[in-house]
Structure formats: structure tokens, C-alpha cells
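Notes follow once the structure below has been shown.
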Amino acid sequence: METVDELARLPFWPYLLDKLPALAEGVRMSFILYFLILLFAIPLSFAIAIAKTSGPKPVRAALNMYTWVFRGSPLVLQLSVVYYGFPHIGIVWTPITVALVVFSLSFAAYEAEVIRGGIISIDKGQYEACKALGMSFFQTMRRVVVPQAIRRVLPPTCSEMIILFKDLSLVTSIALMDMMRTAQRIVIRDLRIDAFAFVLVVYLLMASLLVMLFRKVEKKLVDAIGLGNTL
């Protein structure tokens with residue numbers, strides 16, 4: 001096992017290759033978390049947005065309170081309350097469960113407002129036309145409103161998904177070994193910041209990939225319905 005002095009003398013690439021297995025495990029955890037959160041949060045976002053737009057008044061009031069709490073408080077505080085506070089009332093969750101629940105609810109709160117904005121931007125005349133054609137509320141949403149709203153919410157949704165990936169670094173506060181916490185441990189142990197450089201590249205690559213993906217999706221929608229590009 002190398003000493004700190006020996007590690008300090010290693011060139012960047014040999015050193016990084018030595019640490020790559022540990023860093024790769026951290027990256028794997030980050031991506032597993034990210035895609036699981038999206039799997040739960042995106043359908044929840046649509047359900048919340050539709051309920052806040054057309055649901056009964058008590059439901060809208062409850063959802064307004066939910067989005068107010070999750071959008072108005074820091075993520076690190078939400079994680080800390082659930083991970084460190086809930087055990088005092090008999091609710092004990094693993095770090096990964098806490099991360100999935102808190103991040104899914106938080107992302108859904110933000111994304112629901114983005115989707116709701118897209119829904120209410122649709123001209124009311126289209127709702128009336130659908131009603132005149134005998135379409136139900138769910139048929140109107142599924143066939144007319146939501147397809148148009150999706151096109152309008154793509155740019156802010158891309159931003160929200162990039163922010164979500166970056167915010168996953170906050171799971172270090174509940175001792176979850178994502179790529180950021182793994183890099184921190186390596187840097188503290190070896191007194192070298194090379195691991196941070198590796199993590200920075202991963203974040204930048206992920207952001208770039210998301211932007212390219214959303215541009216391709218938007219372009220397909222532009223080609224299909226003939227609207228201008230905004231991303």
C-alpha cells in the first residue's frame with residue numbers, strides 16, 4: 001500500500017487509474033439514484049400538475065402546501081429532517097430510501113409547477129372545442145393539452161434535470177456513498193484533488209448529454225408540429 005508521499009509523486013493518470021474502481025462505484029450509485037428518482041418523480045409531477053390545475057379545491061390546497069414546503073426549504077434540511085429526525089418518531093429508513101423519497105418529492109414539487117405552467121398556457125378555446133366534440137377531461141388532457149404542454153416545458157425541464165443531478169451531491173449529508181462522497185474520502189486520505197477533477201468531468205458530461213438529448217427531442221417535436229426552437 002502506497003504512503004501519502006508515494007501517492008503524491010504519482011502522475012495524474014496512473015493515480016486516477018488506481019482510484020478508478022472506487023470512483024466508478026460512486027458514479028454507479030449516483031446514476032442508480034438519479035434514474036430511480038426520475039422514474040418515481042416524473043409521473044408524480046404530471047399527476048400533481050393536473051390535480052393542481054383541475055382538481056377539487058381541498059386537493060389543490062393540500063398540493064399547494066406540499067409544493068410550498070418542498071420548494072421553500074433547503075434540500076439538505078429535508079434530508080436531515082427525514083434521516084435524523086424521523087427515527088425519533090419511530091420511522092427509520094436506510095440512507096438510499098431517504099434519498100429516493102426526499103429527492104423524488106422535491107423534484108416533483110418543482111417539475112409539477114413547470115408542467116402546470118405549460119398546461120395553463122394552452123388556450124382555453126381548445127378545452128371548449130374538445131368539450132364540444134364530446135371528449136372527456138382525460139381525453140382532452142391526453143390527446144390535446146399534454147402533448148402541447150410537453151413541447152413548452154422541455155427547456156425548463158432540462159434545467160431541472162441538470163439541477164437534480166448536481167444536487168445529488170447533497171446525499172453526503174446522510175452518509176450515502178455517491179461519487180462526491182467517494183471523491184471527498186479519497187482527497188482527504190491522499191491529500192490530492194485529482195478525484196475532484198474526475199467528478200467535475202462526470203458532472204459536465206452529464207449536463208452536456210442532457211442538453212443534447214432534450215435538443216433532439218425538441219427538434220423532433222418541432223419537425224412534427226412546426227414550432228420554433230428554444231433550447
Side-chain angles (χ1 to χ4, degrees), residues 33-75 78 100-168 203 206-231:
L33 269 176
Y34 183 70
F35 289 111
L36 284 176
I37 290 164
L38 292 179
L39 181 65
F40 294 126
I42 289 179
L44 181 60
S45 303
F46 275 96
I48 293 170
I50 293 171
K52 289 188 72 172
T53 304
S54 308
K57 190 173 181 179
V59 172
R60 295 202 306 269
L63 291 175
N64 283 334
M65 177 63 70
Y66 152 71
T67 54
W68 174 66
V69 169
F70 277 91
R71 295 175 73 207
S73 58
L75 252 171
Q78 296 166 18
L100 285 174
V101 171
V102 172
F103 274 95
S104 294
L105 291 175
S106 180
F107 179 82
Y110 282 94
E111 183 61 19
E113 287 301 299
V114 171
I115 296 170
R116 187 179 71 86
I119 290 173
I120 64 177
S121 70
I122 305 300
D123 187 83
K124 291 184 178 179
Q126 298 195 39
Y127 291 91
E128 295 169 0
C130 291
K131 187 175 181 180
L133 291 171
M135 296 174 67
S136 68
F137 170 77
F138 289 105
Q139 287 175 323
T140 300
M141 296 301 293
R142 180 169 60 87
R143 297 180 181 179
V144 179
V145 177
V146 171
Q148 294 182 72
I150 288 175
R151 163 62 182 77
R152 299 183 183 190
V153 305
L154 279 177
T157 296
C158 178
S159 297
E160 290 295 337
M161 290 178 67
I162 292 172
I163 291 170
L164 170 64
F165 190 70
K166 293 190 297 182
D167 282 350
L168 282 177
Y203 280 119
M206 185 62 177
S208 300
L209 287 171
L210 285 170
V211 170
M212 287 190 292
L213 173 64
F214 273 81
R215 279 180 176 163
K216 285 184 179 295
V217 172
E218 188 179 27
K219 186 176 185 302
K220 288 184 180 295
L221 290 174
V222 168
D223 294 339
I225 60 181
L227 293 176
N229 200 349
T230 60
L231 262 179

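Not measured: the values here are computed from a predicted model.
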Fill in: Residues forming a side-chain contact (heavy atoms from CB on, under 4.5 Å) with A51, sequence neighbours excluded
V59, L63
Item to complete: Mind checking side-chain contact (heavy atoms from CB on, under 4.5 Å) for L105 and listing every partner two or more places apart, or none if nothing turns up?
Response: L44, Y66, F70, V101
Worksheet item: From S73 OG over to L75 CG, what is the distance, rounded to the nearest 0.5 angstrom?
Response: 7.5 Å
Item to complete: Report the residues that fulfil side-chain hydrogen bond (donor to acceptor under 3.5 Å, both in side chains) with Q126, sequence neighbours left out, ordered by chain and then residue number.
Response: Q148
Item to complete: Can you run down the side chain to side chain donor-acceptor pair (under 3.5 Å) pairs that involve residues 35-59, sequence neighbours left out, and say none if there aren't any?
Response: K52-N64, K52-T67, K52-E113
Worksheet entry | Non-hydrogen atoms of V114 and P156 that approach each other most closely | CG1-CG, 3.6 Å
Worksheet item: P155 and E218: which non-hydrogen atoms are nearest, and at how many Å?
Response: CG-OE2, 4.3 Å
Worksheet, complete the sentence: Applying ring-ring contact (aromatic ring centres under 6.0 Å, His included) to F46 and not counting sequence neighbours gives none
Practice prompt. Output all residues satisfying side-chain contact (heavy atoms from CB on, under 4.5 Å) with Q139, sequence neighbours left out; order by chain, then residue number.
Written response: M135, S136, R143
Item to complete: Determine whether Q78 and F103 make a side-chain contact, defined as any pair of heavy atoms from C-beta on separated by less than 4.5 Å.
Response: no
Discussion item. Is any side-chain heavy atom of V211 closer than 4.5 Å to one of I162?
Written reply: yes
Practice prompt. Would you check if the side chain of Y34 reaches a backbone N or O of M161 as a donor-acceptor pair within less than 3.5 Å?
Written response: yes
Worksheet item: Where do R116 and A49 come nearest, in terms of heavy atoms and distance?
Response: N-CB, 3.7 Å
Item to complete: Check whether any side-chain heavy atom of I163 sits under 4.5 Å from a side-chain heavy atom of F107, and report yes or no.
Response: no
Worksheet item: According to the salt bridge (charged side-chain N to carboxylate O under 4.0 Å, His left out) rule, which pairs have a member within residues 41-51, sequence neighbours left out?
Response: none
Item to complete: Using side-chain contact (heavy atoms from CB on, under 4.5 Å) as the criterion, list what pairs up with Y110, not counting sequence neighbours.
Response: R71, S106, E160
Worksheet item: If you draw a 6.0 Å radius around CZ in F138, do more than 12 non-hydrogen atoms from other residues or ligands fall strictly inside?
Response: no
Practice prompt. Identify, with sequence neighbours excluded, every residue that meets side-chain hydrogen bond (donor to acceptor under 3.5 Å, both in side chains) alongside S208.
Written response: none
Discussion item. Going by the rule side-chain hydrogen bond (donor to acceptor under 3.5 Å, both in side chains), which residues pair with T157 if we only count those two or more places apart in sequence or in a different chain?
Written reply: E111
Worksheet item: Taking atom CD1 of I120 and atom CZ of R152, what is their separation to the nearest 0.5 Å?
Response: 11.0 Å
Practice prompt. Please name the pair of heavy atoms, one in L100 and one in L36, separated by the smallest distance, quoted to 0.1 Å.
Written response: CD2-CB, 3.6 Å
